[in-house]
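A short write-up of the structure that comes next.
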Amino acid sequence: MILLSFSSLCTLFRKLYIPVSGFSTLPPTQFRSPSVRSICLDSPSVAVTHFVAMEYNGTGPTGGNSATEDLNVYYNFGDIAYVLISASMVFIMIPGLGFLYSGLARRKSALSMIWACMMSGAVAIFTWYFWAYSLAFSHTATNGYIGNLHSFGLRNVLGAPPAATPLIPELLFSLYEAMFCGVTLAIIMGSIAERGRLLPAMVFTFIYATIVYAPVACWAWNPNGWAFKWGVFDYAGGGPVEIGSGVAGLAYSFVLGRRSDKLLLNFRPHNVSLVTLGTILLWFGWLGFNGASSFGANLRAIYASWNSNLTAIFGAASWCLMDYRLERKWSTVAICSGFISGLVAATPASGFIPLWASVPLGVVAGITCNLATKLKFLLRIDDSLDLFAEHAVAGIIGLIWNGFFAADYVIGLDGVNLGATGGWVNHNYPALYKQVVYVLACSAYTFVMTCIICYGLNKVPGLQLRADEDAEMRGMDEDQIGEFAYDYVEVRRDYLAWAHPTPTDGVPVEHYKNQPTLVPVQPYSASESTERGSGSGEKES
């Protein structure tokens, strides 16, 4: 399928460039000026073809009257195709998160995690269309903290370039950024694992996208945002996406409270294959997430993709070694966790730092995030899928890394941000404290606002965030959906209510040798189950 997509892209390039550009006998070349962007392509039937985009001179908020004017002439079709395909790659991350969370949860709540991720992504994308895009990227708001409703419902969004980049039309920019909002909310859904109700989580998604994600995105990426104007380095979302999702997940878990002690007994991922599949989909999508944040098919996109891969590889190696020192096993879950922590750290940094800096970034992210998984025990917050350790901590590391290693020659690879100044490597020493202030601002605002939203929803009849204890024991699949990831889960619904037969049952134990069937007995207390169940072959409820 991936090969087919790239084949279709090549065909699209030929169809788009050859008819418009005509033929030339000039040698293959590529040239660029501030006002003209062009690409030359080799062809087996012609010497060279090239397409020249005009400098944007459209009128009105939409770029002109599309009924009488061709608004496409202002853009390079290669940039448009690349960002459009990358938006589709980023969307794949939403079901990827669903598979990842489903595999990490217990069988009886596996399907609910896929549902929560998919539906939260859908609600977030609708919210982005409805008014969150305008609140984040409207041109006319200048307060530096949040936009206005100038682009409500994508009104006035069409062929003009957005304020953030001249390379693509605003309609495409809004679509690409919508996927980021959807991924962020899907990440947060990991906090509801095995105890959170679905309807309140969807209401939370709408509110969070409006009053938390949109303002923080405005700070970081809107040219009128205070962090953007101050010179903060955040390439693809260390603040809005990674700190936002990790800190919000911690706050949501804090309000939800801990799972039942019975659910924490012998807890481990129920399907490592799903964890691996989800990680692969995330990595694939992340190359579009980080690569196309340059908003064009340019050298900076390639550089960001290389940085993302290197950081992921060394993050996985570091995390796996950290686990091996304790377990003496090469854990698949460990390398998946390491891949993700590395990709998260690369999110704010991949378009700023040199390639060599990605190697220590991956190592530091893998080791630090591995150790940060212990913070939930110190804080006594049941962050069940380690959102804070994997996303917030890694995002913070990537942002701080920019203060040290952001390089001007990497920033200028997109051909737009020429003359920019990097971090300490370019003797820009104030960059580091700006990154720290930005981290603190994003973390504090996200945590406080998320707690306010969650406590507020808990006060609304019918929107209590947490399911009752009976629903927790039966599982969120049965309580919230009425469908199951696996039919056979019904056979052994309650782990504590089953035990191996004993002679007191009236039948000799020898009769049951080599028989997989278990005999129901009276459930015993959690303290007894700790003693009797820790060595049992059945690890899942």
Side-chain angles (χ1 to χ4, degrees), residues 132-148 150 161-166 173 177 180-181 184 211-247 290 293-295 300 304 344-353 357 361 392 394-414 416-449:
Y133 173 75
S134 187
L135 294 175
F137 289 106
S138 60
H139 300 264
T140 56
T142 58
N143 60 68
Y145 294 92
I146 191 170
N148 54 30
H150 175 75
T165 177
F173 177 79
E177 294 296 333
F180 280 54
C181 184
T184 302
I211 66 175
V212 181
Y213 182 85
V216 178
C218 178
W219 303 352
W221 295 324
N222 191 320
N224 293 319
W226 68 264
F228 188 99
K229 291 192 292 186
W230 201 29
V232 169
F233 300 125
D234 189 353
Y235 177 64
V241 180
E242 305 304 352
I243 292 179
S245 60
V247 173
N290 289 350
S293 287
S294 65
F295 303 117
R300 196 180 186 189
V344 169
T347 297
S350 57
F352 287 112
I353 64 174
L361 175 59
I396 291 170
I397 293 171
L399 287 167
I400 300 301
W401 218 252
N402 286 341
F404 289 107
F405 300 110
D408 52 3
Y409 73 91
V410 178
I411 301 172
L413 286 173
D414 59 7
V416 174
N417 293 288
L418 303 176
T421 302
W424 279 28
V425 296
N426 292 136
H427 309 293
N428 179 18
Y429 300 111
L432 183 59
Y433 82 78
K434 292 179 181 180
Q435 297 297 107
V436 172
V437 171
Y438 175 66
V439 165
L440 294 175
C442 291
S443 301
Y445 180 78
T446 300
F447 188 86
V448 171
M449 293 303 296

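Numbers here are sequence positions counted from 1. As the structure is a computational prediction, the values presented were derived from the model and not from experiment.
- Scanning all heavy atoms of the two residues, the minimum distance from Cys218 to Gly147 falls at SG-N, 4.1 Å.
- Between the side chains of Asn224 and Thr142, no donor N or O sits under 3.5 Å from an acceptor N or O.
- Considering only heavy atoms from C-beta on, Tyr235 comes within 4.5 Å of Ser350 through its side chain.
- Remark: side-chain polar atoms of Asn426 are not paired, donor with acceptor, to backbone N or O of Thr421 under 3.5 angstrom.
- Formation of a donor-acceptor pair under 3.5 Å by the Asn222 side chain with backbone atoms of Ala136 is found in this model.
- Between Phe180 and Tyr213, the ring center distance fails the sub-6.0 Å criterion.
- For an aromatic pair to be called close, the ring centres must be under 6.0 Å apart, and Trp424 with Tyr429 satisfies this.
- Between the side chain of Ser138 and the main chain of Asn148, a donor-acceptor pair closer than 3.5 Å is present.
- No side-chain heavy atom of Trp219 sits under 4.5 Å from any side-chain heavy atom of Pro240.
- Listed for the Lys434 side chain is a donor-acceptor partner under 3.5 Å among the backbone atoms of Trp230.
- Screening Leu399, Ile243, Ile396 for a side-chain contact (heavy atoms from CB on, under 4.5 Å) with Pro348, the sole residue that qualifies is Leu399.
- Here the side chains of Pro215 and Leu135 are not in contact, with every heavy-atom distance at 4.5 Å or above.
- For the pair Ala349 and Gly398, the tightest heavy-atom approach, listed with the atom from each and the gap, is CB-O, 3.8 Å.
- Looking only at side-chain heavy atoms (C-beta outward), Phe404 and Gln435 stay at 4.5 Å or farther from each other.
- Counting heavy atoms from C-beta on, the side chains of Arg300 and Asn417 come closer than 4.5 Å.
- Formation of a donor-acceptor pair under 3.5 Å by the Asp414 side chain with backbone atoms of Ser294 is not found in this model.
- At a threshold of 4.5 Å between non-hydrogen side-chain atoms, the residues Asn402 and Ile353 count as touching.
- The aromatic ring centres of Phe352 and Phe405 sit 6.0 Å or more apart.
- With contacts defined as side-chain heavy-atom distances shorter than 4.5 Å, the pair Ile400/Leu432 qualifies.
- For the pair Thr347 (side chain) and Gly238 (backbone), a donor-acceptor distance under 3.5 Å is absent.
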Decide yes or no on side chain to side chain contact (heavy atoms under 4.5 Å, CB included) for Tyr133 and Phe173, but give the supporting numbers first.
CA-CA 10 Å; Tyr133 173 75; Phe173 177 79; 3.7 Å; yes
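- Once rounded to the nearest 0.5 Å, the distance linking NE2 of His150 with CZ of Phe137 reads 15.0 Å.
- The side-chain heavy atoms of Thr165 and Pro161, taken from C-beta on, include no pair separated by under 4.5 Å.
- For the 3.5 Å distance criterion, the side chains of Asp234 and Tyr438 qualify, holding a donor opposite an acceptor.
- Nearest heavy-atom pair across Ala236 and Ser293 is CB-OG, 3.4 Å.
- Between the side chain of Ser245 and the backbone N or O of Glu242, at least one donor-acceptor pair lies under 3.5 Å.
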